[in-house]
Amino acid sequence: MTTTEVQHKPLRVYNSATRSKETFEPLSPDCVKMYVCGPTVYNLVHIGNARPVVVFDTLFRVLQSIYPKVIYARNITDIDDKIIKAAAEQNIEIGELTSRYAKAYSEDMSYLNTLEPSITPYATEHLPEMIAMVQKLVDQGHAYESEGHVLFDVTSMESYGTLSNRSLDDMLDGARVEVAGYKRYAGDFVLWKPSNDSDPGWDSPWGRGRPGWHLECSAMIEKHLGDTIDIHGGGRDLIFPHHENERAQSECAHGGTHYVKYWMHNGYLNIGGEKMSKSLGNFRTVRELLESYDGEVIRLALLSAQYRSELDFSPELLDQAKTSLDTLYGALKAANAASDNSVAAEQTGLQNNVAYQALLDDLNTPLAISELHRLSKEINKNISADESGEILQQLKAQLQSVATLMGLLQHDPEAWFKGGNNDDGAEIDALIAERQQAKVDKNWARADEIRKSLKEQGVELLDSKEGTSWRRI
RNA sequence: GGCGCGAUAGCAAAGCGGUUAUGCCCCGGAUUGCAAAUCCGGUGAGGCCGGUUCGACUCCGGCUCGCGCCUCCA
């Protein structure tokens with residue numbers, strides 16, 4: 001490397017708060033801080049819940065490619081009225097329910113090739129911090145106690161509503177819910193609420209109770225990341241009220257200090273043109289989909305549209321993602337077969353890679369994926385042209401490095417095509433050997449018979465100059 | 001009622017004021033004992049109506065349709 005500074009194209013991200021795409025400038029280039037809202041653990045997550053996880057995992061990887069240290073926190077909400085209800089219905093302890101589904105979540109997400117966040121804070125482990133924050137808000141006149149509840153006074157904050165771009169008047173105009181009697185103002189939200197004897201609760205200055213929904217994220221960010229963070233992510237449906245209220249609590253508790261520099265929100269995953277949601281019941285769980293599709297197929301499907309747009313989820317989408325991955329793995333496999341790995345790929349770096357540039361532009365994954373296809377086509381052409389292995393290795397290195405940034409092409413190509421269980425691998429190899437002999441003997445009838453019978457078992461034979469390989473179909 | 005998003009070829013989905021997006025599907029060709037894979041080529045587009053411009057899918061205005069938030073939700 002010369003003294004010339006490397007020309008980095010800047011990362012650009014769409015900031016929901018300003019409703020525009022901005023150049024990402026971290027608070028400190030030495031340590032970038034990102035927080036993403038995680039699941040409430042009372043059942044299996046659906047594929048819509050997986051979208052932000054995959055999207056922000058990709059962002060995490062891109063950030064790590066630029067900055068030396070990135071702290072990524074994703075919480076687990078393990079106290080919530082839905083949890084209390086579900087545990088009661090199933091007649092089990094709350095802790096049993098939440099640990100079961102927190103584990104399931106972690107497993108499901110790992111199948112989608114997501115990296116572990118740097119920190120996974122649990123709400124129930126941060127009660128002292130939450131209570132302290134509520135106390136601070138009460139002391140500073142931003143919150144008040146009423147009938148055992150502590151409420152945030154939204155009229156006490158000048159800029160309340162700026163994140164979600166709405167005024168207090170607008171909100172009340174459209175209010176569809178009855179205003180609870182203990183609220184001074186309809187828009188006030190709960191910081192702390194009383195628990196009855198059968199509910200889980202913690203002692204507080206306002207009696208035994210539990211936190212309101214928005215409080216945990218504020219308290220955990222404060223504790224683990226500080227008063228101000230670079231990026232806060234989540235689904236679009238969290239902008240209001242969740243993120244608006246989080247911001248209100250945190251900034252008021254911190255004397256007006258800016259809470260989040262870049263708010264990022266992914267679009268909805270739809271089914272049949274409608275938002276997928278637990279309340280509508282039109283969801284598919286990740287676990288259920290993993291029975292039929294490799295996690296990487298699901299991941300590619302989720303990345304096939306830019307994260308801010310809506311994405312209509314369908315079996316066709318997954319089938320297309322599967323076909324796409326077959327093509328990409330096919331090129332990798334061919335590259336492996338055609339070149340000896342003794343030719344070391346020169347470190348080309350990512351900066352000049354079109355796919356990387358696309359990712360730096362607010363995670364333009366569809367464009368990046370198209371570049372993956374262009375690279376794989378280049379690989380195939382170079383194999384046909386029988387060019388030197390060096391070019392092939394370069395192309396392969398490019399393809400793999402940028403695919404890794406998207407959490408794709410993480411399998412061994414051979415294993416990808418041969419599927420999970422290789423119990424019958426020896427049997428297949430024996431038949432291939434027999435067919436090879438038949439071909440030498442020009443016994444085409446026997447050769448075709450073997451091909452046909454294996455195909456009936458879901459195994460397809462692929463003849464090439466290098467010999468015969470196979471894959472599951 | 002308030003606020004916001006979208007409409008691209010059979011399907012999915014991007015960039016871009018003028019030049020092939022890309023993938024899947026479909027058609028033709030090369031290759032192949034057969035098959036697959038691969039390569040080459042092709043069909044096919046920008047909701048509707050105006051405006052700006054030498055030129056608009058791309059900018060501006062209107063309309064239509066669809067979706068979302070304002071309530072738990074990724």
Side-chain angles (χ1 to χ4, degrees), chain A residues 16 19 36-40 45-56 80-82 161 164-167 169-178 187 213 233-242 244 265-270 273-280 283 300-301 303-312 314 316-317 319-328 330-331 333-334 354 358 361 364-374 376-377 379-385 417 438-439 442-445 447-448 451-452 455 460-465 468-471 473:
Chain A
S16 305
R19 287 167 288 284
V36 174
C37 288
T40 301
V45 294
H46 63 65
I47 183 70
N49 297 305
R51 190 177 190 190
V53 182
V54 167
V55 164
F56 290 104
D80 175 273
D81 287 3
K82 288 192 291 293
S164 55
N165 191 32
R166 63 192 74 196
S167 69
D169 291 343
D170 291 343
M171 285 181 235
L172 299 188
D173 282 351
R176 279 180 258 159
V177 285
E178 243 179 273
W213 174 34
R236 202 193 284 297
D237 44 357
L238 295 181
I239 295 176
F240 189 89
H242 184 52
E244 188 72 69
H265 296 97
N266 61 276
Y268 296 127
L269 198 81
N270 294 336
E274 285 196 316
K275 175 186 170 185
M276 178 186 294
S277 74
K278 286 180 180 173
S279 44
L280 287 176
F283 60 87
L300 179 59
L303 293 177
S304 67
Q306 207 270 349
Y307 76 93
R308 280 186 287 119
S309 37
E310 292 182 357
L311 174 60
D312 207 83
S314 66
E316 291 73 28
L317 181 72
D319 291 341
Q320 289 198 4
K322 169 69 164 65
T323 311
S324 243
L325 281 175
D326 282 346
T327 303
L328 299 174
K333 183 182 159 193
V354 173
D361 182 15
N364 190 339
T365 50
L367 188 58
I369 291 165
S370 77
E371 177 65 8
L372 257 36
H373 282 284
R374 196 194 65 77
S376 82
K377 177 164 279 193
I379 287 173
N380 287 324
K381 278 158 87 166
N382 275 284
I383 289 166
S384 314
F417 288 112
K439 282 169 72 177
K442 299 214 187 294
N443 182 357
W444 307 126
D448 290 350
R451 174 191 291 290
K452 195 175 165 218
K455 188 151 194 170
E460 186 169 64
L461 296 183
L462 311 163
D463 291 337
S464 75
K465 290 191 188 76
T468 299
S469 64
W470 59 273
R471 67 171 188 174
I473 50 174

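Within every chain, numbering begins at 1; the chains are lettered A, B, ... in the order of the sequence lines, protein sequences first and strands thereafter. Computation of the quantities below employed the complete heavy-atom set of this structure, encompassing side-chain atoms and omitting hydrogens, waters and symmetry-equivalent molecules.
Applying the 3.5 Å distance criterion, the base of B:G23 shares a donor-acceptor pair with the side chain of A:Q320. Checked by distance alone, A:R166 brings no side-chain donor or acceptor within 3.5 Å of a matching partner on the base of B:C3. You won't find any donor-acceptor pair under 3.5 Å spanning the side chain of A:D319 and the base of B:C24, going by distance alone. For A:R451 against B:A35, a side-chain-to-base donor-acceptor contact under 3.5 Å is present. A:E316 contributes no side-chain N or O that forms a donor-acceptor pair with the base of B:C24 under 3.5 Å. The base of B:G68 is not paired with the side chain of A:D237 by any donor and acceptor separated by under 3.5 Å.
Among B:A35, B:A14, B:G23, the nucleotide with an atom closest to any side-chain atom of A:K377 is B:G23. Minimum atom distance to the side chain of A:S324 is reached by B:G23, of the listed B:A74, B:C3, B:G23. Of the listed nucleotides (B:A14, B:G23, B:A36), B:A36 has the atom at the smallest distance from the side chain of A:L462.
Straight-line distance from the CD atom of A:E244 to the C1' atom of B:C72: 18 Å, rounded to whole Å.
For B:G46 and B:C54, the C1' atoms lie 22 Å apart once the distance is rounded to whole Å. Nucleotides B:U22 and B:A14 have their P atoms positioned 15 Å apart, rounded to a whole Å. Rounded to whole Å, the C1' atom of B:C24 lies 44 Å from the corresponding atom of B:G1.
A distance-only check finds a donor-acceptor pair linking the side chain of A:S304 to the backbone of A:A301 [under 3.5 Å].
The phosphate of B:C69 has OP1 or OP2 within less than 4.0 Å of a side-chain N or O from A:K275.
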